[in-house]
Amino acid sequence: MAYTALYRKWRPAVFEDVKGQDHIVTTLKNQIRSGRIGHAYLFCGTRGTGKTTVAKILARAVNCENPEDGNPCGECPACRAILAGASMNVAEIDAASNNGVDNIREIREEVQYSPADGRYRVYIIDEAHMLTPGAFNALLKTLEEPPSYVIFILATTEPHRIPITVLSRCQRYDFRRITGDVIYERLREMADAERIEAQEKALRFVAKKGDGSLRDAISLLDQCVAFYYGKELTYDRVLDVLGAVDNEVYSRMLRYALAGETLGCVDQVEELIVQGRELGQFVTDFIWYLRNLMLVKASEGEEEVLEMTAEDIAALKDEATITDMNTIMRYIRIFSELSSQMRYAANKRVLLEMALIRVTKPAMEEDLGSVLQRLGDVERKLEEGAVISTSREPKNAPEENSAKDVSEKKEVVEVSPAQLEDLHLIEKNWKKILRDIGDIMLPAMADCTLEPVGEGTLRIWFTTKGKYRIGSREDCLARLADYVRDNYGKEIVFVTQLAEDGQKPEKTYVSREEVQSRIHMDIIIEEE
């Protein structure tokens, strides 16, 4: 026997099985019991909230021979025929593919004939907003003066696209997004009935990922169960299947950002990529994490505003003690902008790393949010007893003189004129090149040292591991080489190296002609 997906197998058969829509279910049951049935209904709401399901239950209930408290009995010939899709009295139309005037004219011709058996002809028009203006106009007359035995049920996720002339002739019912607790209870009921071993935390995470849609949550559960068939469904396994990230990762990312540790943030991104996580989804979920943190900070202990476990709320309260509202809101603005940019970006990783540098280096920006964050950082340091010095050393300080003495003792290295030309060209335009390329190149490479290591090759020396990890990536070096070729007509290969103990090489590069002019004598190079 063919397998039936869980969302189809567990589709509600009576009104009582519909979850999270009590305000609609109660109204429809009262109409059926009292016989006050409308001729046109408009079911609005996001996907997976039960619009089509309630429409099918209503279609059976109005034609049922033995209704029970407003519910279809499911046993009479009319109920069985509608359930099997064999009834001529119920027609389900997909307006996404049948949205023309001719399709509506067929309906107008059919409604002239009363049902051969049963009491009502029911037309369920799904995705009704997809009907063309001409189709709506063709339907309007029938909606205005329908035969007594015809009921229209229009279902849509975009009611604002329905003409007002149609809206005014329908009873409108708005289906609410289903809460996480209601979805969890339904998933637990299904898991127990299907003998699926699942942790509570795992099911609650699936319910959260459903985002108010019970059908989406059930489909995600079906996917997780299929991957780990015959095994217990744990929280870690759900994360693995759905490509999601644990809250601990968001917590670490936040702490790295608050501490200004760019390297820690970049390491987290690298770990996500190695694990195969989708960066766009990570940014969306991180914004949601920051939103919850903001509400915890602002709600003063009123946890009912959050659909989270007590364990997660306790963790958020700990995070709230180490930051302030201005910083949280600045992070939300930065990552919200990033989310819209990443939607169509080819290199999402670079955009994410740019945003992380912005949050870890607020001094790079001059907007009000970054200034407030920097002031907050200073206040926290003062509260911790740190001493902040504002004095400056005189221009002729001994340290500067000693640094000058060291520079005069640099090792002199002779290179070919072509190598020296390449070195001087790139050194002269280094900051401009990095600014023009943009992204994360400027903060990662601005203080690097260049060294010729062969014809057409320059080595870039880094002093910190974080900047080296960013600047040594192949895509960064390739963009650098492409820019030099396109703007200066030079084919230069760039290689990188991390300086030991942060000490860059102290060398001065000269050509043979410069050496000769300095020592005022000919240099004879003997052949070996």
Side-chain angles (χ1 to χ4, degrees), residues 8 11 13 24 28 31-32 35-45 47-65 72 74 76-175 215:
R8 293 180 58 200
R11 169 169 276 173
I24 296 174
L28 294 179
Q31 286 188 356
I32 294 169
R36 300 169 62 91
I37 300 171
H39 69 278
Y41 296 86
L42 179 64
F43 291 169
C44 314
R47 69 189 188 281
T49 51
K51 301 183 297 296
T52 306
T53 296
V54 171
K56 291 181 176 180
I57 296 175
L58 179 60
R60 293 202 309 275
V62 296
N63 282 297
C64 181
E65 299 175 5
C76 66
C79 286
R80 289 200 299 269
I82 295 173
L83 279 173
S87 175
M88 299 296 293
N89 292 339
V90 178
E92 187 174 357
I93 302 166
D94 178 20
S97 54
N98 301 282
N99 57 1
V101 176
D102 293 338
N103 301 112
I104 301 302
R105 284 175 178 168
E106 290 178 7
I107 296 175
R108 291 180 56 184
E109 293 175 0
E110 291 177 1
V111 299
Q112 299 177 11
Y113 306 100
S114 60
D117 54 354
R119 288 177 287 180
Y120 292 94
R121 278 185 176 274
V122 182
Y123 291 90
I124 302 173
I125 304 178
D126 206 2
E127 304 296 337
H129 61 274
M130 299 293 288
L131 291 175
T132 63
F136 274 121
N137 291 332
L139 181 63
L140 191 59
K141 186 64 176 178
T142 305
L143 284 177
E144 187 176 10
E145 297 178 359
S148 60
Y149 50 81
V150 173
I151 298 175
F152 286 97
I153 305 176
L154 282 64
T156 178
T157 57
E158 302 180 39
H160 59 279
R161 294 176 59 182
I162 304 294
I164 188 65
T165 51
V166 174
L167 286 173
S168 63
R169 289 168 171 81
C170 300
Q171 293 185 22
R172 175 169 172 168
Y173 293 87
D174 289 289
F175 284 69
R215 184 180 66 229

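- For the pair P72 and R60, the tightest heavy-atom approach, listed with the atom from each and the gap, is CB-CB, 3.8 Å.
- Taking the side chain as every heavy atom from C-beta outward, Y113 and M88 never approach each other to under 4.5 Å.
- Residue T156 holds its OG1 atom at 4.5 Å from CD1 of I162, rounded to the nearest 0.5 Å.
- Using a 4.5 Å heavy-atom cutoff, the side chains of I82 and N89 are not in contact.
- Separation of atoms SG (C44) and CZ (F175) is listed at 9.0 Å; rounding is to 0.5 Å.
- Counting only heavy atoms from C-beta outward, the side chains of L131 and V166 never approach each other to under 4.5 Å.
- When all heavy atoms of A95 and I125 are compared, the pair lying nearest together is CB-CG2, 3.9 Å.
- Side-chain contact between L83 and K56 is absent, with no heavy-atom pair separated by less than 4.5 Å.
- For the pair N103 and I93, the minimum side-chain heavy-atom distance is 4.5 Å or more.
- The shortest side-chain heavy-atom distance between T52 and E92 falls under the 4.5 Å cut-off.
- Between C64 and C76, the closest heavy-atom pair is SG-SG, 3.9 Å.
- For the pair V101/I104, no side-chain contact is recorded, criterion being any heavy-atom separation below 4.5 Å from C-beta on.
- The CD1 atom of I153 sits 13.0 Å away from the NZ atom of K51 when rounded to the nearest 0.5 Å.
- Taking the side chain as every heavy atom from C-beta outward, V122 and V62 approach each other to under 4.5 Å.
- Within the structure, salt bridge (Lys or Arg N to Asp or Glu O under 4.0 Å) pairs that include any residue of residues 145-172 comprise E144-R169, E158-R161, R172-D174 (at least two apart or interchain).
- At distances below 3.5 Å, not a single donor-acceptor pair connects side-chain atoms of H39 with backbone N or O atoms of V150.
- Separating the CG atom in N63 from the OG atom in S87 is a distance of 6.5 Å, to the nearest 0.5 Å.
- Atom CG of residue L139 and atom CG of residue L154 lie 6.5 Å apart, to the nearest 0.5 angstrom.
- Taken to the nearest 0.5 Å, the CZ atom of R119 stands 9.0 Å off from the CD atom of E65.
- Pairs engaging residues 123-161 under the ring pair (Phe, Tyr, Trp, His ring centres under 6.0 Å) rule: Y123-F152 [sequence neighbours left out].
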